[in-house]
Amino acid sequence: MARPVVTRFAPSPTGMLHIGGVRTALFCWLFARKHGGRFILRIEDTDLDRSTDQNIEIIEQGMLWCGLDWDEGPVPGDPSAWRGPHGPYRQMLRMDSHYRPALARLLAEGGAYRCRCSRDLLDAARAEAEREGRIYQYPGTCREAGHDASQPFAIRLKMPRGEETWLEDGAIVLRDLIKGTLRFPAASLDDWILARTDGTPTYNFCVVVDDTSMEVSHVIRGDDHVANTPKQMALYHALGFEAPVFAHVPMILGKDGAKLSKRHGATSITEYRELGLLPSAVRLALARLSWTPKIDGRAVESAEEELLTDQEMIHLFDLEDCQKSPARFDMDKLNWMNQKLIQRAGWRELEPYLRPFVDRIAPGAWDERSEDWRDLAVRSTQKGKNLIEMAEALRFAFEGPSEFDPKAVEKFLTPALRPVLGEVVNLGDYSHDALERDFNAILERRGLKLKDLAQALRVALCGRPVSPPIFDTLALLGPEEVRARLARWL
RNA sequence: GGGGCUAUCGUCUAAGGGUUAGGACACCGCCCUUUCACGGCGGCAAUCGGGGUUCGAAUCCCCGUAGCCCUACCA
């Protein structure tokens, strides 16, 4: 029986938003969008020491920059507000409303029990088992003791012993959409803790309660949670809830195959923004890690097909086309995708992303320019690999050269060419066609090649022999500025 | 130690018994060119090891090896 599709991303606000988390969120988002379902953002803030409102905002902003909008969850920037019928969406706010009642019911129904074994006792037993090379499992000392609440206690779940009818050959069977059918022998699982002695519930308990009450139909998460799943399945069973469908996505590794960490470069989503990447490129690159889009059953076969739009990704996305094995993060490919997406974007589309980078070079200057100017500025720098390169390529338009590359001056600004600059000063029509016509006339008269004049102009105007196409360079500066900059060479 | 997962070019991957093992990124070379780029064309490059099953294995089975996850009163 098909439930409406609901997915969720549940990060801990313990710092930055990790790129691996973004990828998981992206899969959840794609899946929900594809099936016309809802996507929930839930904050797992039970780690009180590290969770802060500021970190929550970092997550929200990272998600929004990346284009991953959620249908239910916190309202960005307002720690106490939320949107959606299943709130609150922060675990700390769900203690009394959700966790305690579920715990009480479990205790009353016998699915869980109070355990008085002290932490010291447990630690000692574990240490001893380890010393003897044995595996340690909680022996179930208090399982049938029927302890009351008169003394301190933790709460443990009664895990199946092997004979239960919902097991298959004594194993909990997980049919994972990505990993396939996985079997976990009940004997390998012990009675785990649902709530600590101080009454706070543990992670594995909260996820189940939250996913159930939020009507999550598909749990899509990192495969570091695979081994937790049978424990959670037992809890679903004890609670009498139908378990959601699970899909565990493989991890993202660094270039060297080790877990992606700081020494591999950027790990936080905000760093990718700082690198001058388009969110659409980040989405595409992340999605293509572990996922091979199939068009009519065929994997994408060319560069053209690889460059999917969001709509295409949503249309094509299928968890069955995901890899089981981990993938290494490939910055080269991300850069390539970024370049391609920059190339094919319209200037209005690019402008909001480019503006902040231009602002760093010339604060406020961008918005003072006309639409035509901004259009040309974007188009003439669209060959850049990223927004930083694009903005940098426009620097000449906002500030005159602070110095002139001596070698370039010697090579291109030859005595023979300087007089020609004087002719350029006389030109008044900077439209492309006019410039081309007038330049051709000058070149013919002087017996020069465009290359000679173009390079001389670049050096004279920008201080170095590199700039956008020469006619664009002139148009971006305008006749007045060109005359001013050329004056010293005449 | 126990439980679970994984293994094709440098990277992301395609091919579930028969292919010269295909594509993309990166790299290298050539061409184009108004600088830098873009672009076009071409090249290099892989089935972890060992046993089976089979006429035939990257594909199926077993055994190794390596890596990762879980094994907390962390999440």
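Just so it is clear: chains get the letters A, B, ... in the order the sequence lines come, proteins before strands, and each one is counted from 1.
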Taking the minimum atom-to-atom distance to the side chain of [X], which one of [options] wins?
| X | options | answer |
| --- | --- | --- |
| A:Thr197 | B:rC38, B:rA15, B:rC73 | B:rC73 |
| A:Lys294 | B:rC12, B:rG4, B:rA14 | B:rA14 |
| A:Asp332 | B:rG4, B:rU34, B:rC25 | B:rC25 |
| A:Leu122 | B:rA75, B:rC73, B:rC25 | B:rC73 |
| A:Thr202 | B:rA24, B:rA75, B:rA7 | B:rA75 |
| A:Trp336 | B:rG4, B:rC25, B:rU34 | B:rC25 |
| A:Pro185 | B:rA15, B:rG3, B:rU34 | B:rG3 |
| A:Lys179 | B:rC5, B:rA75, B:rA26 | B:rC5 |

Does [X] reach a base, just sugar-phosphate, or nothing at all? Heavy atoms under 4.0 Å.
| X | value |
| --- | --- |
| A:Arg298 | nothing |
| A:Thr292 | sugar-phosphate |
| A:Ser290 | sugar-phosphate |
| A:Thr14 | nothing |
| A:Gln343 | sugar-phosphate |
| A:Arg328 | sugar-phosphate |
| A:Pro468 | base |
| A:Ile470 | base |
| A:Gln323 | sugar-phosphate |
| A:Cys322 | nothing |
| A:Phe412 | nothing |
| A:Ser12 | sugar-phosphate |

Value in whole Å for how far the [atom2] atom of [N] lies from [atom1] of [X]:
| X | N | atom1 | atom2 | result |
| --- | --- | --- | --- | --- |
| A:His432 | B:rU34 | NE2 | P | 12 Å |
| A:Asp191 | B:rC73 | CG | P | 12 Å |
| A:Ile155 | B:rC73 | CD1 | P | 14 Å |
| A:Arg458 | B:rA37 | CZ | P | 12 Å |
| A:Lys449 | B:rU33 | NZ | P | 10 Å |
| A:Asp405 | B:rC36 | CG | P | 14 Å |
| A:Trp192 | B:rG2 | CH2 | P | 25 Å |
| A:Arg344 | B:rC38 | CZ | C1' | 13 Å |

A:Asp123 vs A:Ala303, nearer the 5' end of RNA chain B by closest nucleotide: A:Ala303

Most 5' of A:Arg134 and A:Val466 on RNA chain B, judged by nearest nucleotide: A:Arg134

What pairs of nitrogen or oxygen atoms, one from the protein and one from nucleotides 61-72 of chain B, lie under 3.5 Å apart?
residue, atom, partner, partner atom, Å
B:rC69, O2', A:Asp224, O, 3.0
B:rA72, OP2, A:Arg126, NH1, 3.0

State the pairing partner of [N]; accept Watson-Crick or G-U wobble contacts with both distances under 3.5 Å, and report none otherwise.
| N | value |
| --- | --- |
| B:rG42 | B:rC28 |
| B:rA72 | none |
| B:rC48 | B:rG64 |
| B:rA21 | none |
| B:rU35 | none |
| B:rC9 | none |
| B:rU59 | none |

Is [X] near enough to [N] that one of its side-chain N or O atoms lies under 4.0 angstrom from OP1 or OP2?
| X | N | result |
| --- | --- | --- |
| A:Gln339 | B:rC25 | no |
| A:Lys340 | B:rG39 | yes |
| A:Ser302 | B:rA24 | no |
| A:Lys324 | B:rU6 | yes |

Qualifying residues under side chain to side chain contact (heavy atoms under 4.5 Å, CB included), relative to A:Thr267, sequence neighbours excluded: A:Met16, A:His18, A:Leu260, A:Lys262, A:Glu271

Parallel, tilted or perpendicular: rings of A:Tyr113 and A:Tyr138 (30°, 60°): parallel

Mutual orientation of the aromatic rings belonging to A:Trp166 and A:His237 [parallel < 30°, tilted 30-60°, perpendicular > 60°]: parallel

Counting C-beta onward and ignoring hydrogens, is there a side-chain heavy-atom pair between [X] and [Y] closer than 4.5 Å?
| X | Y | answer |
| --- | --- | --- |
| A:Tyr353 | A:Pro279 | yes |
| A:Leu417 | A:Phe412 | no |
| A:His248 | A:His225 | yes |
| A:Glu392 | A:Glu389 | no |

A:Arg156 (side chain) donor-acceptor with A:Asp191 (main chain) under 3.5 angstrom: yes

On a whole-Å scale, what distance lies between the [atom1] atoms belonging to [N] and [M]?
| N | M | atom1 | answer |
| --- | --- | --- | --- |
| B:rA46 | B:rA21 | C1' | 9 Å |
| B:rA57 | B:rA72 | P | 45 Å |
| B:rC48 | B:rU8 | P | 6 Å |
| B:rC30 | B:rU65 | C1' | 44 Å |
| B:rA66 | B:rC25 | P | 36 Å |

Side-chain donor-acceptor pair present, A:Asp210, A:Tyr99, cut-off under 3.5 Å: yes

Glycosidic class, syn or anti, of B:rC38 using a 90° window around 0: syn

Check: A:Phe317 ring centroid to A:Phe27 ring centroid under 6.0 Å: yes

Sequence-distant partners of A:Arg100, salt bridge (Lys or Arg N to Asp or Glu O under 4.0 Å), two or more places apart: A:Asp96

For the student: nearest non-hydrogen atoms of A:Ala408 and A:Pro465, plus distance: CB-CD, 3.8 Å

Polar pair under 3.5 Å, donor/acceptor by atom type, side chain A:Lys385, base B:rA37: no

